[in-house]
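Data block below; observations after.
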Amino acid sequence: MSGLNAEFIPPARPVIGEAEIDAAVRVLRSGRVVQGPEVAAFEEEFAELVAGRHCVALNSGTSALQLTLMALGFGPGDEVIVPSFSFAASANSIRLVGAEPVFVDIEPGSFCVDPEAVAAAVTSRTVAIMPVHLYGHPAAMDRIMQIAERHKLAVIEDAAQAHGAALGGHPVGAFGTAGCFSFYPTKNMHSLEGGMVTTADAELARTLRLLRNQGMEQRYANEIVGANMRMTDVAAAIGRVQLRQLADWTEQRRANAKFLDSKITSMVTPPVADNVRHVYHQYTVRVTGDRDAAQQRLTELGIGNAVYYPTPIHRLKPYLTAEGKPGDWHLPETERAAAEVVSLPVHPSLSQADLERIAEGANIAGGAA
Ligand SMILES: *Cc1c(COP(=O)(O)O)cnc(C)c1O
């Protein structure tokens, strides 16, 4: 097998190229380093990705989720419906404002939240739904928005993994009350650390601008209690360079996924729902046999791989009951996905030789599982 002595293929490869370095140095030399002209330009340019919505840049994706919940006035006594099969940040943001996450199951055909489960979880305390566009696959926003309208709930899209994804030609981050993006280095584009809230609601955008900067629009004329969740101009300048490459990178991710789909036969390749533009933050297969054995074989073959996420949020320590047990949730598809999934490299830096090794390795590892 060609892969045995070959170089290790990393599961992700964040780009910090000469253009990113030049942009950072240019800002450092300018002396205007915090929430200045670069942040304003980044917000304006990012709006093109989300059908012209208002964009508010922050210091992380988690801040984007937390500050949005805070801006909408949610807190103790409020329930937010969220999938357990996600990164902990989704539920953490809810707990950080003192509200309670209500965990619901996913659809096996998208790894995203099941709209029927969402509808069944609505109570008199529910204030919002937080769908997660997991792995770059849009959640079923059409059905989720119908449920939200029926019950007058806010919808906060966790789009941290889905820059440029779309459903029925409409971009994620432009469906709900707000969309929240992350620019962490391993995401489809980055700003070292960073986040963005997107919204059609000008009043919400203004509240977010106040909240990210001590409640001030005019310096020392504080209007409300706010935090410091500002983005630096260095981060924004790097984000702008990355944003210009996002379309090409996304096409490359999609082409890589298409190649892997056509070659991998011994694992279940990623599902894609109808009418969906998947941006493959992760290329996530299912291994129905011995996953540990499959992962070990992949690693031996020099193929980076990882499980996102081995422990669903409802089983993480902060979300257990006082007795230290998971709550009374019914999440069979979440449990099954957590036990079966493995993500393979799909990032835009892969060569054709890498892709062939990944496909060949996946078939060997899947066969051995
Ligand atoms: C990365 C991520 C976040 C948090 O973004 P940060 O920028 O790391 O704070 C939130 N939700 C999901 C699904 C993520 O993958």
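Numbering of ligands and ligand atoms starts at 1, following listing order. Given the structure is predicted, the values throughout are model-derived calculations rather than measurements.
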Self-check item: Where ligand 1 meets Ala89 - atom numbers and elements under 4.0 angstrom, heavy-atom basis
Solution: 3 (C), 4 (C), 10 (C)
Exercise. Pick, from Gln161, Glu193, Met196, Lys187, the option with the minimum heavy-atom distance to atom 2 (C) of ligand 1.
Key: Lys187
Practice problem: Could you tell me whether Thr62 and ligand 1 have an N or O pair separated by under 3.5 Å? | Solution: yes
Quiz item: Where's the contact between Val132 and ligand 1, heavy-atom distance under 4.0 Å: side chain, backbone, both or neither?
Solution: side chain
Exercise. Would you kindly specify which portion of Asp158 sits under 4.0 Å from ligand 1, judged on non-hydrogen atoms: side chain, backbone, both or neither?
Key: side chain
Quiz item: When the ring centroid of Phe87 is compared with that of Tyr184, is the distance short of 6.0 Å?
Solution: no
Exercise. Report, as yes or no, whether the 6.0 Å neighbourhood of atom CD on Glu116 holds more than 12 heavy atoms from other residues, nucleotides or ligands.
Key: no
Self-check item: Test of ring centre spacing under 6.0 Å for Phe85 and Tyr308
Solution: no
Exercise. Please state which part of Ala64 comes within less than 4.0 Å of ligand 1, counting heavy atoms only: side chain, backbone, both or neither.
Key: neither
Quiz item: Taking only heavy atoms of Gly194, which atoms of ligand 1 are found under 4.0 Å from at least one of them?
Solution: 7 (O)
Quiz item: Going by the order shown, which atoms of ligand 1 are within less than 4.0 Å of some heavy atom of Gly61?
Solution: 5 (O), 6 (P), 7 (O), 9 (O)
Exercise. Flag Tyr184 as yes when one of its N or O atoms lies below 3.5 Å from any N or O atom of ligand 1, and as no otherwise.
Key: no
Practice problem: Taking only heavy atoms of Ser86 into account, list the atoms of ligand 1 that are under 4.0 Å away from them. | Solution: 13 (C)
Quiz item: Is it true that Tyr135 and His137 have ring centroids separated by less than 6.0 Å?
Solution: no
